[in-house]
Visitor: 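What follows is a single structure, and I will ask about it in a moment.
Values reported hereafter were calculated over all heavy atoms of this structure, with side chains retained and with hydrogens, waters and symmetry mates removed. Numbering of ligands and ligand atoms starts at 1, following listing order.
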Amino acid sequence: MIFHIRLFFIIAVLFALPIVTHAQTPQPKAVETKGLDVPATGKAKSPNVADKNSQREQQAGGESTVMTTQQGIPVGNHQNSLKLGTEGPTLLEDFQLREKIFHFDHERIPERVVHARGSGAHGYYENYKSLADITKADIFQRAGEKTPAFVRFSTVAGSAGSPDLARDVRGFAVKLYTQQGNWDIVGNNIPVFFIQDAIKFPDLIHAAKPEPDSGFPQAQTAHDNFWDFVSLTPESMHMIMWAMSDRTIPRSLRFMEGFGVHTFRLVNTEGKSTFVKFHWKPKQGLQSVTWSEAVKINGADPDYHRRDLWTSIKAGNYPEWELGLQLFDEKFAEKFGFDILDATKLIPEELVPIRIVGRLVLNRTVDNFFAETEQVAFCTQNIVPGVDFTNDPLLQGRNFSYLDTQLKRLGSPNFTNIPINAPRCPIHNFQQDGHMAITNPKGRVNYEPNSWGGGPSESPAKGFQSHPAHEEGSKQRTRSEKFADHYSQARQFFISQTPVEQEHISSALVFELSKVQRVDIRASIVSHLMNIDGSLAKTVAAGLRLLEMPSPAKALKATRMDIEPSPALSIIKNGPKNFAGRTVGILITDGVDVQKLNQLVDAIKVEKASVKLIAPQVGGVKGNDGKLITADEKIGGGPSVLYDAVALLPSEDGAVLIAADPAARDFIADALAHRKFIAYGEFAKELLEKVNPNSTNRPQLILLDQSNSAQIFIAKCRSLRNWTD
Ligand code: HDE
């Protein structure tokens, strides 16, 4: 009898590695052995510096776990390479040095060609109730069942080290470790895409990425090549409206929606197929920053989103999204004004309501960024029985690309052996060997069918069966007539926004096109905008100071003017219900009124929001009770753009002192300009007036002079900004 042991290997890799010893496995590079001053085992000691000639004689204390090479050989001296005499050449014989430098030289793997900059977290999907009538997917069968999940958020255009607040689409890729294999929903925070056919993807990405001769700009679409491509690709206009909206500068990864984008199928046990679009709705509500904030955040904290996700989860403030399904059938698909297979179109929620079926909770940060966030490999073709593809030409192309790119990036077809990619259900097959194979089967048989007995074989009943959609036609390189309307939904998006959001779209277009050097490209974009909304086109043309208004771009299909606005498309109309998960930055100085500070902090905590104290020095301030209060940031290191609302609680002397500090004045001026709510104590009044005369009359300012002022401030903060003033 031959047993396939792959499952046991996977379990061992997933659960046992952290507790087995070095001698038993090649894998565990125990953290505790890596740094002399990292007390991971509680045993490590600071280096013992010998009295004489410390450069040469520095040695670890005697109590730490003994460091070894990758081969397990105990290391005797980790400070010096092996030399001939004290000042002679280094010896080739030094296997310790060679192994260490060799490994270091090979630490990098190719970054993702797109979505290189990412942040990941673990969690689970919890199914609310059985969806057996719609799909046989195991994950949806039982109410209350939790399925482990890993999510990687990303930007698209920038390199792995680019700043988080680049204006860009965000990837929202979810890996669900279901009992019937891994299901990946590799989506974005925008429900549509730039192009209709996969064959245009390399062009789109080449145009968006840094220009090939100069190598800049990094993580920016604000350059000639991108807008040149877009101006010649009218199908991208709907996505352009989204990309120029505040959707591409989210305040937090926790405060954005996710979308599967394509139409997929759900298939039930009777083989009945229902079309579906996947939505992730953040329970925290939607929120974005302004462009002026984004530009400053990128300098003040380029890891703003990554840090926010990490610290929220570490603080037990777990972000949640509800999974929503838009379900529809062939009949709807036929009468819908656009093609459901066209990824540049969405189906308005008002036409097909979203059915909420479960929730995704992220409750664990990664242990190791490289092992998990970097090595995770999503594939659109990872689907499970009960889910199926449609003929969306973009999806069909993606199904080829993801597996292909993983081989390049991870270097071996065995990337599914890496714990983050390994399914959590049994795996049985005869695939074998290849680079880094760690789960090869034991025994003689490695083929099917065989007459030795044992080994896996197919199961028509339990196995994946493609939905037998009937297809026919001649081979041709064309697009369906039904893909030809490029402007109507772009218009619908624009007219669904509040006036503030519309103003942000036109400003973003003016900003981006102002970085484009060729005037004809700027004009060409305006010609497309004329097919979307006349006033938008005029505002952008004026913002660019175009000398002549171009004629509208030639449209394959005229824009439909009858489409109603869809309120679901606005961020401001879908903000949070409360201020939970947000942060208030409180500026304090020596002599701060401790009672007032405590009242404010209490009110913020009751709302489940958090506090950052900003002071002239990070060491902190002495309150009016003489006690030291430590700060989180120095004023210049904690600009107000990092916070959702701010408070100013200087003492009388402190206010005079910080009035002379440009960083403190910027802190206040920015908070005012970004329409944040500002709570202030009596001594901040003069400071505020100095920075901006008459500012204390603005409704966004709340004087903390009553016992309930802090509560009034927090109640105002729930609307995030004072857009009306
Ligand atoms: Fe991707 N995309 N994509 N994409 N995509 C990749 O796969 C590709 C598209 C998306 O966090 C790559 O592992 C093609 C749409 C996300 O690891 C690559 C086309 C949507 C991520 C690839 C598209 C996405 C990727 C690069 C046009 C939203 C990051 C590295 C047909 C629904 C996943 C990798 C992660 C990553 C190809 C279009 C989302 C090259 C050919 C539409 C979230 O395979």
Visitor: For atom 39 (C) of ligand 1, what's the nearest protein heavy atom and its distance?
Guide: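 Minimum-distance protein heavy atom for atom 39 (C) of ligand 1 reads Arg398 NH2, 3.1 Å.
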Visitor: Can a donor-acceptor pair be found, under 3.5 Å and without considering hydrogens, that links the side chain of Ser566 to the backbone of Pro348?
Guide: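 Not a single qualifying donor-acceptor pair exists.
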Visitor: Going by the angle between their ring planes, with limits at 30° and 60°, are Phe336 and Phe332 parallel, tilted or perpendicular?
Guide: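 If you compare the ring of Phe336 with that of Phe332, the planes turn out parallel.
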Visitor: Looking at Val376, Thr416, Ile109, which hits side chain to side chain contact (heavy atoms under 4.5 Å, CB included) with Leu410?
Guide: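 Testing each of Val376, Thr416, Ile109 against Leu410, the sole residue satisfying side chain to side chain contact (heavy atoms under 4.5 Å, CB included) is Ile109.
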Visitor: How does Leu394 reach ligand 1, by side chain, by backbone, by both or by neither, if only non-hydrogen atoms under 4.0 Å count?
Guide: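 Both of them.
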Visitor: Do the non-hydrogen side-chain atoms of Met237 and Arg491 ever get within less than 4.5 Å of each other?
Guide: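 Met237 does not reach Arg491 side chain to side chain.
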Visitor: Could Arg479 and Glu235 be called an ion pair, given the rule that one side-chain N must be under 4.0 Å from one carboxylate O?
Guide: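 Glu235 and Arg479: salt-bridged.
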Visitor: Taking only heavy atoms of Arg112, which atoms of ligand 1 are found under 4.0 Å from at least one of them?
Guide: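 Going through ligand 1 atom by atom, the ones under 4.0 Å from Arg112 are 17 (O), 30 (C), 35 (C).
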Visitor: The criterion is side chain to side chain contact (heavy atoms under 4.5 Å, CB included); which residues satisfy it with Phe369, sequence neighbours excluded?
Guide: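 Applying side chain to side chain contact (heavy atoms under 4.5 Å, CB included) to Phe369 gives Arg306, Thr373, Glu374.
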Visitor: Tell me if a side-chain donor or acceptor on Arg170 pairs with a main-chain N or O of Thr248 at a distance below 3.5 Å.
Guide: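 Yes, the answer is positive, given that a donor and an acceptor are paired below the 3.5 Å cut-off.
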Visitor: Nearest non-hydrogen atom to atom 33 (C) of ligand 1 belongs to which of Phe378, Phe193, Phe400?
Guide: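 Going through Phe378, Phe193, Phe400 one by one, Phe378 has the nearest heavy atom to atom 33 (C) of ligand 1.
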Visitor: Can you tell me which residue and heavy atom of the protein come closest to atom 34 (C) of ligand 1, and the distance to 0.1 Å?
Guide: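 Checking every protein heavy atom, the shortest distance to atom 34 (C) of ligand 1 gives Thr405 CG2, 3.4 Å.
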Visitor: With Trp242, which of Leu346, Asn189, Asn188, Val169 fulfils side chain to side chain contact (heavy atoms under 4.5 Å, CB included)?
Guide: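 Only one option passes, and that is Leu346.
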Visitor: Does any N/O atom on Asn188 come nearer than 3.5 Å to any N/O atom on ligand 1?
Guide: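 Checking ligand 1 against Asn188, no N or O pair falls under 3.5 Å apart.
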Visitor: Do Phe172 and Phe153 make the cut of ring centroids closer than 6.0 angstrom?
Guide: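 Under 6.0 Å, so yes.
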Visitor: Among Phe389, Phe264, Phe328, find the one that has a ring-ring contact (aromatic ring centres under 6.0 Å, His included) with Phe275.
Guide: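 Running ring-ring contact (aromatic ring centres under 6.0 Å, His included) over Phe389, Phe264, Phe328 with Phe275 returns exactly one hit, Phe328.
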Visitor: Please list, in number order, the atoms of ligand 1 under 4.0 Å from a heavy atom of Ala198.
Guide: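 Counting from 1, the qualifying ligand atoms are 31 (C).
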Visitor: Taking the six-membered ring of Phe378 as reference, does the NZ or CZ atom of Lys175 fall below 6.0 Å from its centre and within a 45° cone about the axis?
Guide: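 Yes; both conditions hold, so Lys175 lies above the ring face of Phe378.
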Visitor: Should Lys200 be listed as contacting ligand 1, given a heavy-atom distance under 4.0 Å as the test?
Guide: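 False for this residue.
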Visitor: Give the atom numbers and elements of ligand 1 that come within less than 4.0 Å of a heavy atom of Gly171.
Guide: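 Atoms satisfying the 4.0 Å criterion: 43 (C).
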Visitor: Is it the case that ligand 1 has an N or O less than 3.5 angstrom from some N or O of Ser401?
Guide: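 N/O-N/O distance below 3.5 Å exists for this pair.
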Visitor: So which protein heavy atom does atom 13 (O) of ligand 1 come closest to, and at what separation?
Guide: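 Nearest neighbour among protein heavy atoms for atom 13 (O) of ligand 1, to 0.1 Å: Gln406 NE2, 3.0 Å.
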Visitor: Can you tell me if Tyr402 has an N, O or S atom under 2.8 Å away from atom 1 (Fe) of ligand 1?
Guide: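 It does: Tyr402 brings an N, O or S atom closer than 2.8 Å to atom 1 (Fe) of ligand 1.
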Visitor: Against heavy atoms of Val113, which atoms of ligand 1 measure under 4.0 Å?
Guide: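 Listed by number with element, the hits are 40 (C).
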Visitor: Return yes when Gly187 approaches ligand 1 closer than 4.0 angstrom through a heavy atom, no otherwise.
Guide: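 The answer is yes: ligand 1 sits under 4.0 Å from a heavy atom of Gly187.
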Visitor: Could you pull out, from Phe172, Phe278, Phe201, the option with a heavy atom nearest to atom 27 (C) of ligand 1?
Guide: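 Of the listed residues, Phe201 has the closest heavy atom.
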Visitor: Side chain, backbone, both or neither: which part of Val114 has a heavy atom under 4.0 Å from ligand 1?
Guide: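 Looking at Val114 and ligand 1, atoms from backbone and side chain both fall under 4.0 Å.
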Visitor: Could you list which atoms of ligand 1 come closer than 4.0 Å to a heavy atom of Arg152?
Guide: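 What qualifies from ligand 1 is 11 (O), 17 (O), 35 (C).
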Visitor: Can you tell me the protein heavy atom closest to atom 25 (C) of ligand 1 and the distance?
Guide: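 Checking every protein heavy atom, the shortest distance to atom 25 (C) of ligand 1 gives His115 CD2, 3.2 Å.
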